[in-house]
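What's counted below: heavy atoms across the whole structure, side chains too, no hydrogens, waters or symmetry copies. Note that this is a predicted model, so its numbers are computed, not measured.
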Amino acid sequence: MQHLTVTYGAEEAAKSPAIEEYTVSEILRIIKENRWESGVDLVECRRINLVFNERELGGIESDIAAAKRAKVSGIENVEFLTADQVEKEYGVKYPGYRQPGNNLWPLKLATKLFQRAQDPAPSRDSTTSFSGAASPTMDLSLHTHTTVTGVRPSLIDDRAYEVDTTKGIIRADYVVHATNGYVSHLLPQFTEPENAVVPVRGQVIGTRACVPRGELWTDNFVGNEGFEYWFSRPCPSSERPLIVLGGGRESAPWEFNVTDDSFLDETVGKTLRGFLPNVYPKSFTRDSEPEFEWTGIMASVST
């Protein structure tokens with residue numbers, strides 16, 4: 001918060017969390033109005049940021065104070081936790097802060113939204129209509145395995161753009177670039193230093209706890225200055241939960257400007273395998289191998 005305030009001013013800095021809060025509230029509204037909670041694996045919980053060192057703790061306290069002065073939306077829901085409080089509730093002795101949070105399966109939500117948008121009438125299991133539903137004149141199509149190779153102004157008809165793909169040309173009035181870390185492939189201006197969108201490779205594991213869910217936490221976590229993040233997949237309280245843990249880039253180092261997600265980095269994998277046993281030695285064993293491991297490309301900007 002302090003960095004954004006210094007760079008852009010308090011008014012502009014406050015817009016970022018406001019947009020995030022609005023986006024979350026709208027996603028939850030759509031899910032609940034359409035009764036998709038179980039279909040998208042929605043878990044309404046909290047997010048806890050564990051603080052592993054004094055330097056980070058001082059920065060967080062200053063950020064929270066700055067957000068309160070700026071009257072940032074939602075800051076009243078942020079709760080500071082002492083190390084004793086965290087140990088009592090979560091079994092680890094680190095200070096931190098807690099705020100509302102949610103968890104869901106993004107692909108399942110995207111699929112639900114696509115299916116809903118194709119249907120011009122309200123779904124039979126919906127209590128209200130969804131404003132994103134297609135009109136009778138809308139033709140909504142999904143083209144898989146179709147690479148876009150170029151976007152240019154149209155010169156031959158009344159459409160604004162021509163989109164070159166491996167399956168032909170699409171003509172459109174509007175083109176939305178939702179390509180994350182790959183955006184500069186079609187928009188080279190985002191390779192310039194002042195506008196750079198930098199691809200960053202991330203790595204994730206799915207590993208099983210050695211205790212049942214009833215003896216573990218159900219909230220979401222961030223730690224190590226935000227470099228690691230983890231949450232528990234839903235399961236009965238008597239079963240050992242699968243924990244999804246991402247991060248480890250600080251040992252790679254960082255993996256900026258990496259767009260190849262076809263391989264696993266052994267150093268990052270080693271860091272991830274040791275993280276949860278280090279933080280929760282009673283709940284995770286060092287000799288347990290992940291059940292899943294994968295990579296993906298994220299995007300980073302200077303702000």
Quiz prompt | Nearest non-hydrogen partners of Ala67 and Ile75, listed with the distance | solution = CB-CD1, 3.6 Å

Quiz item: At what distance, to the nearest 0.5 angstrom, does CD1 of Ile48 lie from CG of Asp219?
Solution: 3.5 Å

Quiz item: Do Thr82 and Asp84 have side-chain N/O donor and acceptor atoms under 3.5 Å apart?
Solution: no

Exercise. Could you check Glu61 against Phe80 for side chain to side chain contact (heavy atoms under 4.5 Å, CB included), going step by step and ending with a plain yes or no?
Key: CA-CA 9 Å; Glu61 290 174 334; Phe80 183 79; 4.1 Å; yes

Quiz prompt | Inter- and intrachain pairs under side-chain hydrogen bond (donor to acceptor under 3.5 Å, both in side chains), touching residues 235-249, at least two apart | solution = none

Self-check item: Remaining members of hydrophobic cluster (4.5 Å side-chain criterion), Phe256
Solution: Val198, Val200, Phe227, Trp254, Met298

Practice problem: For side chain to side chain contact (heavy atoms under 4.5 Å, CB included), just list the numbers for Asp164 and Val151, CA-CA rounded to whole Å, side-chain angles, deciding distance to a tenth of an Å, and then say yes or no. | Solution: CA-CA 6 Å; Asp164 295 319; Val151 180; over 6 Å; no

Quiz item: If you count the non-hydrogen atoms of other residues, nucleotides and ligands that lie under 6.0 Å from CD in Glu76, is the total more than 12?
Solution: yes

Self-check item: Flag side-chain contact, heavy atom, 4.5 Å: Ile297 against Tyr182
Solution: yes

Self-check item: salt_bridge(Arg273, Glu293) N-O dist < 4.0 Å
Solution: yes

Self-check item: Partner residues of Glu89 under the salt bridge (charged side-chain N to carboxylate O under 4.0 Å, His left out) criterion, sequence neighbours left out
Solution: Arg98

Quiz item: How would you list all residue pairs meeting side-chain hydrogen bond (donor to acceptor under 3.5 Å, both in side chains) that involve residues 227-236, not counting sequence neighbours?
Solution: Asp41-Arg233, Arg213-Ser232, Asn224-Glu228, Trp230-Tyr280

Quiz item: Who pairs with Leu155 by side-chain contact (heavy atoms from CB on, under 4.5 Å), at least two apart in sequence or on another chain?
Solution: none

Exercise. Work out which heavy atom in Val279 is nearest to a heavy atom in Val92; give both atom names and the distance.
Key: O-CG1, 2.9 Å

Self-check item: Reported CZ-to-CG distance for the pair Arg208 and Leu242, which is rounded to 0.5 angstrom
Solution: 4.5 Å

Quiz prompt | Pair Lys32 + Glu44, salt bridge at N-O below 4.0 Å | solution = yes

Quiz item: At what distance, to the nearest 0.5 angstrom, does CG of Leu276 lie from CZ of Arg286?
Solution: 10.5 Å

Practice problem: Please collect all side-chain hydrogen bond (donor to acceptor under 3.5 Å, both in side chains) contacts where either partner lies in residues 193-202, sequence neighbours excluded, each pair once. | Solution: Arg201-Gln203, Arg201-Glu255

